2 protein chains.
Amino acid sequence: MRNLFIILFLLQFIIINSQVYKVNSPENIIQVEFILEEGKAYYSVQRFGKDVIGKSILGYELENNVSLKDNFVIEAVNESSLDETWEQVWGEKRFIRNNYNELKIDLSQSIDNPKKISIVFRVYDDGVGFRYEFPEQNNLEKFNIIDEITEFKFTGNHTSWWIPAYHWNRYEYLYEETPLSKIDTVHTPVTFETKNGLFISIHEAALTDFSSMTLEPVGDFTLKTNLVPWSDGIKVKTKTPIKSPWRTIQIADNAGGLIESYLILNLNEPNKLEDVSWIKPGKYVGIWWGMHLGIETWGSGEKHGATTENTKRYLDFASKYGFDGVLVEGWNKGWDGDWIANGDIFNFTEPYDDFDIDEVIRYGNEKGVRLIGHHETGGGIINYEKQMDDAYKFYEKYGVRAVKSGYVNHGNGIKRLDENGNVVKGEWHHGQFMVEFYRKALTEAAKHKIMINAHEPIKATGIRRTYPNMLTREGARGQEFNAWGENQGNPPEHTTILPFTRLLGGPMDFTPGIFDLLFEEEKPDNRVNTTLMKQLALYVVLYSPLHMAADLPENYEARLDVFQFIVDVPTDWEDTKVLNAEIGDYITIVRRDRNSEDWFLGSITDEEGRNLKISLNFLDKNRTYKAQIYRDGNNADWKTNPYDYVIEEKEVKFGNEMTLRLAPSGGTAIKFIAQ
Amino acid sequence: MRNLFIILFLLQFIIINSQVYKVNSPENIIQVEFILEEGKAYYSVQRFGKDVIGKSILGYELENNVSLKDNFVIEAVNESSLDETWEQVWGEKRFIRNNYNELKIDLSQSIDNPKKISIVFRVYDDGVGFRYEFPEQNNLEKFNIIDEITEFKFTGNHTSWWIPAYHWNRYEYLYEETPLSKIDTVHTPVTFETKNGLFISIHEAALTDFSSMTLEPVGDFTLKTNLVPWSDGIKVKTKTPIKSPWRTIQIADNAGGLIESYLILNLNEPNKLEDVSWIKPGKYVGIWWGMHLGIETWGSGEKHGATTENTKRYLDFASKYGFDGVLVEGWNKGWDGDWIANGDIFNFTEPYDDFDIDEVIRYGNEKGVRLIGHHETGGGIINYEKQMDDAYKFYEKYGVRAVKSGYVNHGNGIKRLDENGNVVKGEWHHGQFMVEFYRKALTEAAKHKIMINAHEPIKATGIRRTYPNMLTREGARGQEFNAWGENQGNPPEHTTILPFTRLLGGPMDFTPGIFDLLFEEEKPDNRVNTTLMKQLALYVVLYSPLHMAADLPENYEARLDVFQFIVDVPTDWEDTKVLNAEIGDYITIVRRDRNSEDWFLGSITDEEGRNLKISLNFLDKNRTYKAQIYRDGNNADWKTNPYDYVIEEKEVKFGNEMTLRLAPSGGTAIKFIAQ
């Protein structure tokens, strides 16, 4: 009898100390549980009632032994819903439905000087976003986060695609495919496939005034948040009221479902720019690939690429083929020093003597082509910040509308000035300081009607919704790796992984379209590891509102029949559909032009050839289409015969079937012209 | 200089001793190389120029140290092609294209008493078949094979789905999913997925007068043929001229591609039966599940299932709902002894006293329903063979058109009579003796206009093309495992693996359609591990020309709304398409009725719920359809809520999209009625 009482007492204790709140997605596909147990906060995510994320802890450690991870009590619980459809200024899909159920838990603490924190879950049919809100409160004003303890407890040893976060200054690694148990500390998006064929990707949305989330394995198939630190080790320096970025969990039954999910964008704030008339997607060529091939230089001298004459040649070419802009790298002073060690040597308003910017702009205006600006900072933020306003004004004056900004810095971090004007060393690209700096560079640019194409950027987290001048960025291994070092080229599978990892964050300036795949004269030991047709297909597969035709004009002039696809392909879309996809194997995407009824298809494969049957049921039922098909020839093979191709035309209709025959590391690109 | 001569000499030697012949598939998707090197024969298979099967040896060891694996010289090489379309008497698709290029290599040997052997490759766009031909010749007449050395050298540690071939008397195991390096000796079909997303299945076609092929791992991702032996260890006892079965390699870019491949059927001989008018697919009910539930018995006594009265009850039910036949198990004498130990106690023409076959047949004729015969042999082949002619005649006289034959035998093999009439013990179900016996049972049945549904069969290798009375068979874990023992039930994923393994060989009598999923009164510790709707979907997903509605009539009467789908679903198809599939995860198949314009859809999933978007572009463009949708309810879950379902109707058209919401271990079944 006494034992029974003890059991009853304990039971009561357990019941009292465990509170559970649930919220379902609109169609009840996904469920989230918030659990408060013994004063600690947890969440779990189910899909069709089955765990996708097991019970995982939530919370923070603050400086000075202030804990925001225990002694919690629930102050209030609120539920709400939204179902709206909004329009992208530009994008891969014009109208996006934002439909979620929200659960907000306001927590306080059962201790002296209790702190308040809220946790907000938004549950969609295609995933979950949750974030922390630190409201204005008496016991918490200015504060430093020393650790975010948010965990993601997976249910098994899922196949994982990831890049390491060894140092927090780059994303340019090849994606690894390993079991979850073998992953390192990783960047997001990190993507998983479960044994039962579920696809999951973890990332963050609306990364603002915070440091980036990386994830570290802590055993038991669990990943823990590891925020990128400041140089002094603090993770986030902030004050109330503040909201963390959204931690996102996208879930789909097939790989393509991750791409067709707009959860990241939906979790960002609506457009804050009043006038967006000057924001225009487009295509460009530029003085760039020659430097990677070693036939031109960024710095001054005989091989200097950014000369007035060379720029005019590119302006002619761009004008002839309808490109919107010409990028010129190496036009401004600073490139002759060791800028990678010291970015402070750049001057952003002083051209080299052989680059007559007035003449270039005059000529461009005559030809109807804009200059695309270039700000390579070499990671010299102090120098760049000092010149930023002048630099943007300088471009604005000349009618430049897009700037490619570069932050190359392979060393031990970035220098900044503290509040007393002293130089502090060792900030990371992905820490809070740089997150804020990248944002400043973006919002300042907007004031000067300048769109940003950031290289060596902070990762894409959907900020383009809020600031649509955030056009595109790098943030992964792009084309240039194919021209570098020994065996550094991107392997055939690389571009079949990017859409399911890096590109889930947002568009990428991959710079496709290399036609001279082997550049035997310039760099005989390097090559592009694709067929010619795969280069075309990348324009559709890898979404970017700003796409470069990266090769030299003479290489395009030599294959004008093939080049026609690059001339024709738009970069702004009404709709996007994934027809088939396996991560790291192959992918076929179709997109409808935003300004016509035409559709475009891109299909690519890894080193395995494919014979993929597709149905043309994305086409309009009431039209016929002329399909201009750019496909690998029957003997094409990236290794032995990359230039074998066929261009053919066919009349097709809604519901027709088509077989895409992709050579090893090959591709197919199709323009469907509405009749 | 002398070294150079030696090198040149060696080079010449190597060149002379390596001969290579290549053959491409019609669309040049797949290539096969035959290589003769140092007198040994090899083959390799490429797809888009990349190895799928690396260089692998070919040949045999015969008794008495006769080697058919070396000292080969090429006598002749012949190439030929075929492109024909043939019609199935019944099947999953009516018209089948058979389009291949053939390479035939005639080999002799450079020794005394040389033997001749030919190797024939047929190369299709969806795979390869090859076989050995032993022509009539002076130095080889009667001979015994002691080993087939054919290897399949895979290119990596592919994910593999397999069942073990521990003993060679059954196939009723759960499929394992492991890396190739972890597989045991396995039965075929065995199926692989490569790291690059290629799907491969190895099997054999036209297994005739030979023993079955199993495959054993021999290291280096290589599987070697291990033929099932006779009781004396000999693998095959034969004489020239003889052809081996085809060794088959199906290759596809996606899992569904394996199902849409008809390579196994194409490699079988055309129909040899002149009159096929009596061969009719159909559906049946029967006295069967009650025995598994333990509420009826096969043997005589109070609970005897096969009584005249009970059979009439089933005939009434079958007639009312349009079933073609009623199976009655346990009608004939023999069931009361220990028949599993000794199958010789069965009598195939003598009914139990409470089963009045004349009355049953009379009643059936009145009702328009045929009796489906049953021959359980208990593996007592000597007894069965002795009675076979009488047994078939007996059924023929009564108008029985289909016989379910059973070969339950869990012991150490089967007894046979040798040529002197002595009993020999220890033949395996899958050895040459039984391969020939199963064939005899089939061809003898044909003489009596009897169709065969074999349980505990030899594996399906496409013989149904040649003898279309080979209707269906078991050969894998069917429904009955759900009623057996402790935790022996088929897990949710089982039926999502079968289509990509066992069913690649041919149709399976799985006996779906259990409506009382929990049978709490009869066997409270067992259950069926699916939702109710998944049971319906199995009728479409698991192809069989003869499908059972396996549950008790009263369980169907209790849910007539759901039962309507089983009443409606046909078992003979004009066409079959796989809409989506991942092995062991989910699969959606649509099939068009052979006798109308109606389509049927079945979609099932493993323990993971799914939200699958499909396009209805398989429908006829010029019609509208009424879709009768049988789907899991929004709260359905096989574990907690298996009976939650919705039946709804919708008008749909070609090109519409539809989302299939499958509960954990759930399903959707749809009838699309052409308007």
Side-chain angles (χ1 to χ4, degrees), chain A residues 27-30 46-50 52 125-126 177 193-198 251-254 256-257 260 492-493 496 580-586 605-613 615-619 621 632 634-637 639-641 653-657 659 661-664 666, chain B residues 27-30 46-50 52 125-126 177 193-198 251-254 256-257 260 492-493 496 580-586 605-613 615-619 621 632 634-637 639-641 653-657 659 661-664 666:
Chain A
E27 294 286 335
N28 196 20
I29 308 286
I30 292 176
Q46 290 80 38
R47 190 167 189 271
F48 288 102
K50 198 160 158 284
V52 174
D125 288 320
D126 59 356
E177 179 187 333
E193 181 179 357
T194 75
K195 211 161 163 52
N196 288 333
L198 214 59
I251 313 171
D253 287 298
N254 44 55
E260 290 177 348
E493 68 168 13
T496 68
N580 56 46
E582 289 297 336
I583 304 180
D585 296 331
Y586 59 86
T605 181
D606 62 359
E607 60 270 40
E608 205 76 56
R610 309 281 170 188
N611 208 32
L612 302 172
K613 208 162 67 183
S615 290
L616 305 186
N617 61 331
F618 49 87
L619 298 174
K621 283 177 219 197
D632 295 318
N634 283 358
N635 297 308
D637 184 299
K639 264 196 190 154
T640 57
N641 199 6
K653 279 202 271 193
F654 174 84
N656 287 170
E657 295 203 328
T659 298
R661 191 185 194 285
L662 313 179
Chain B
E27 295 287 334
N28 197 20
I29 308 286
I30 293 177
Q46 290 81 38
R47 191 168 188 268
F48 289 102
K50 196 158 159 285
V52 174
D125 287 320
D126 59 357
E177 180 187 333
E193 181 179 358
T194 75
K195 212 161 163 53
N196 288 333
L198 214 58
I251 313 171
D253 288 297
N254 44 57
E260 290 178 347
E493 67 168 12
T496 67
N580 56 47
E582 289 297 336
I583 304 179
D585 297 330
Y586 60 86
T605 180
D606 62 1
E607 59 271 39
E608 204 79 54
R610 309 280 170 189
N611 208 33
L612 302 172
K613 208 164 65 184
S615 289
L616 305 186
N617 62 329
F618 50 88
L619 298 173
K621 283 177 218 196
D632 295 318
N634 283 359
N635 298 308
D637 183 299
K639 265 196 189 151
T640 57
N641 199 7
K653 279 202 270 193
F654 174 86
N656 287 170
E657 294 203 331
T659 299
R661 191 183 194 285
L662 313 179

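In what follows, chains carry the letters A, B, and so on, assigned in the order in which the sequence lines appear, proteins first and then strands, with residues in each chain numbered from 1. Worth saying up front: this structure is predicted, and the values here are computed from it rather than measured.
Among A:Asn28, A:Asn580, A:Leu616, the residue with the largest count of heavy-atom pairs under 4.5 Å with chain B is A:Asn28. When the candidates B:Ala663, B:Gly655, B:Ala636, B:Gly49 are compared by the number of heavy-atom contacts under 4.5 Å with chain A, B:Gly655 comes out ahead. For the options A:Asn634, A:Ile29, A:Asp637, heavy-atom pairs under 4.5 Å to chain B are most numerous at A:Ile29. When the candidates A:Arg661, A:Lys613, A:Lys50 are compared by the number of heavy-atom contacts under 4.5 Å with chain B, A:Arg661 comes out ahead. Taking A:Glu27, A:Glu607, A:Glu493 one by one and counting their heavy-atom pairs under 4.5 Å with chain B, the maximum is reached by A:Glu607.
Between A:Thr496 and A:Asp585 there is no side-chain heavy-atom pair separated by less than 4.5 Å. In this structure, the side chains of A:Asn196 and A:Thr194 come closer than 4.5 Å at one or more pairs of heavy atoms.
Of the atoms belonging to B:Asn635, it is side-chain heavy atoms, and not backbone ones, that fall under 4.5 Å from chain A. A:Glu260 touches chain B through its side chain: at least one heavy atom from C-beta onward sits under 4.5 Å away, while N, CA, C and O do not. With a 4.5 Å cut-off on non-hydrogen atoms, A:Phe618 does not touch chain B at all. In this structure, the portions of B:Glu177 lying under 4.5 Å from any heavy atom of chain A include both its backbone and its side chain. Both the backbone and the side chain of A:Asn611 have a heavy atom closer than 4.5 Å to some heavy atom of chain B. Only the backbone of A:Leu662 comes within contact range of chain B, with heavy atoms under 4.5 Å apart. No part of A:Asp126 comes within reach of chain B, as not one of its non-hydrogen atoms sits under 4.5 angstrom from that chain.
A salt bridge is absent between A:Asp632 and A:Arg610; no separation between the charged side-chain nitrogens and carboxylate oxygens falls under 4.0 Å.
Expressed to the nearest 0.5 Å, how far CG of B:Asp125 lies from CZ of B:Arg47 amounts to 9.0 Å. In this structure, the separation between CD on B:Glu608 and OH on B:Tyr586 is 11.0 Å, given to the nearest 0.5 Å.
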(message) What verdict does the side chain to side chain contact (heavy atoms under 4.5 Å, CB included) test give for B:Leu198 and B:Asp253, after you've listed the backbone C-alpha separation in whole Å, the side-chain angles of each residue and the deciding distance to 0.1 Å?
(response) CA-CA 5 Å; B:Leu198 214 58; B:Asp253 288 297; 3.7 Å; yes
